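Quick one: the structure is below, and I'll ask about it shortly.
Note that ligands are numbered from 1 as they come in the structure, with each ligand's atoms numbered from 1 the same way. Values in this document were obtained by computation on a predicted structure and should not be read as measured data.
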Amino acid sequence: MSQATGLLYLVSAALFILALRWMSQPDTAKRAVVSAVGGMALAVGGTLLHPEIVTYKWIGIAAALGFLVGFPLSRVPLTAVPERTGLSQAFGGMAAGLVGTAKYYLWLDQGELTSFRMAVVAGEVILGCLTCTGGLMAAGKLAEVITTRPVTYKGQNIVSFTLLGTAAVLGAWLVWDPTQSWAFPVIIVLALIFGVLLILPIGGADMPTVISFLNSYAGLSAVAMGFVLENYLLITAGALDGASGFVLSLIMCKAMNRSVTNVLFGAFGAVQASAQATEQRTVKSATAVDAAELLTNADSVVIIPGYGMAVAQAQHRVRDLFDQLSKRGIDVKFAVHPVAGRMPGHMNVLLAEADIPYDRLVEMDDVNPEMPQVDVALVIGANDVVNPSARTDAKSPIYGMPIIDADKAHTVLAIKRSMNPGFAGIDNDLYYANNTLMLFGDAKAVIGDVVKQLSGDGATH
Ligand code: NAP
């Protein structure tokens, strides 16, 4: 490695670490993205300066192909980012698997396959291949191309872990005797099948956490790839990726009050909840005029956004509503659930896009003790994250998941288009409660109507 490359790698590693640090606050998140992109540009630039590279033709072709695939992928709507992330992880895993495979056959041919090299190649290929099919499965479940329900059968975990164990034993055998080359493709196939089996029994509602776990597997396979390629920056970046993915998974498990093993092996979403789901119950619906009157007569309003706000792209209308209410001296807060929407930070990104002041955003643990004193809880396209059965119904698949206690407010206004369930596929008692009024319709249109009432002749105070 040349001195220039070493220096670029050092700056790049520092930029990656700063990016992770800055990513933890909404007001520094943009700087974090610039820092990470800059770090990656320096890393690629430094690698291209490697003296071993004698021809740039293939690198150019690969970069052009990558750009052709990557550019359209970067244009997906925000709501499709989780499945896009699953696909990126699949590609990352595939790259690690392919590099490991190429290096195995190259080193085997040249008689340079030491035990250490074989061990890291085996680790890289197993992790890379399982991340590849695992990422594809997770993307498929999130895009609902394959069933979001957990697919389970008897002895599932035994079958899955026998496959992984066999791949690991074959890997160890190759470390002992690398010339048993028939075992190498078997390891690849076993790891690819394990990736599918790993995700199959996990329900759609747990996919965000799984994506984050896959992120950490992809990081670990990059670490192994770094050892294989003797690239220290890849080892550092992979370790940062692996560790941050793992920490995020733990934070998400905590937010859902679930253990890691329950998320990975609990087949969450398989059981259909309470008998109430099939009962005919009535709801009270309201109009934009009623909602405007209720809101203007309130002293405190807590807005609880969910996936529906993202679908409707209602964030700018929500900002107009916030302005109208604040103008009247009403205390308006936004309660953001850690897994509202379809990816970590989904609601924060949308609210930031609409320039909602950060100090108006409150976390679940801080807002819940205040909910019994709140005049109006305005639920905008949120469902699972405000479902009281998580607190009260031990048979519910989301039992134990912490929720925002919207039901404890004096009045609840809930905006959604129909009585369809949310991501977990279960009914929500909140909509049938005595203190709840439903505002049926697309969130953007409904809030637009309420804002019209507030800004025009329909407003009362
Ligand atoms: P949710 O439970 O999925 O409910 C969203 C609600 O929005 C639906 O009931 C839907 O009802 C309504 N909706 C959809 N489009 C709408 C529109 N245009 N206008 C108005 N309403 C609309 O969402 P959530 O409460 O945010 O909960 C998130 C769920 O997703 C959790 O189960 C979580 O575990 C899971 N998840 C989270 C992440 C993450 O990282 N944040 C990632 C993947 C999955 P209608 O169809 O009747 O309108």
Can you find a side-chain donor-acceptor pair between Gln315 and Arg319 that sits under 3.5 Å?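 No, Arg319 and Gln315 have no side-chain donor paired with an acceptor closer than 3.5 Å.
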Is Met371 close to Val374 at the side-chain level, that is, under 4.5 Å between some pair of heavy atoms?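 The answer is yes, as the side chains (C-beta and beyond) meet within the 4.5 Å cut-off.
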For Asp359, does the CG atom have more than 12 heavy-atom neighbours from other residues, nucleotides or ligands under 6.0 Å away?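 Above 12, so yes.
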For ligand 1, would you mind listing the residues that have at least one heavy atom less than 4.0 Å away, ordered by chain and number?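 Near ligand 1, by chain and number: Ala205, Pro208, Met252, Gly306, Tyr307, Gly308, Val311, Ala312, Val339, Ala340, Gly341, Arg342, Met343, Pro344, Gly381, Ala382, Asn383, Asp384, Val385, Lys416, Arg417, Ser418, Asn420, Pro421, Gly422, Phe423, Gly441, Asp442, Ala443.
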Flag if over 12 foreign heavy atoms under 6.0 Å of CE, Met23: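 Yes, enclosed.
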Taking the inter-plane angle between the rings of Phe194 and Phe161 on a 0 to 90° scale, is it parallel (under 30°), tilted (30 to 60°) or perpendicular (over 60°)?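 Ring orientation of Phe194 relative to Phe161: perpendicular.
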Output all residues satisfying side-chain hydrogen bond (donor to acceptor under 3.5 Å, both in side chains) with Asn215, sequence neighbours left out; order by chain, then residue number.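 Counting only residues at least two positions away or on another chain, Asn215 forms a side-chain hydrogen bond (donor to acceptor under 3.5 Å, both in side chains) with Gln89, Asp241.
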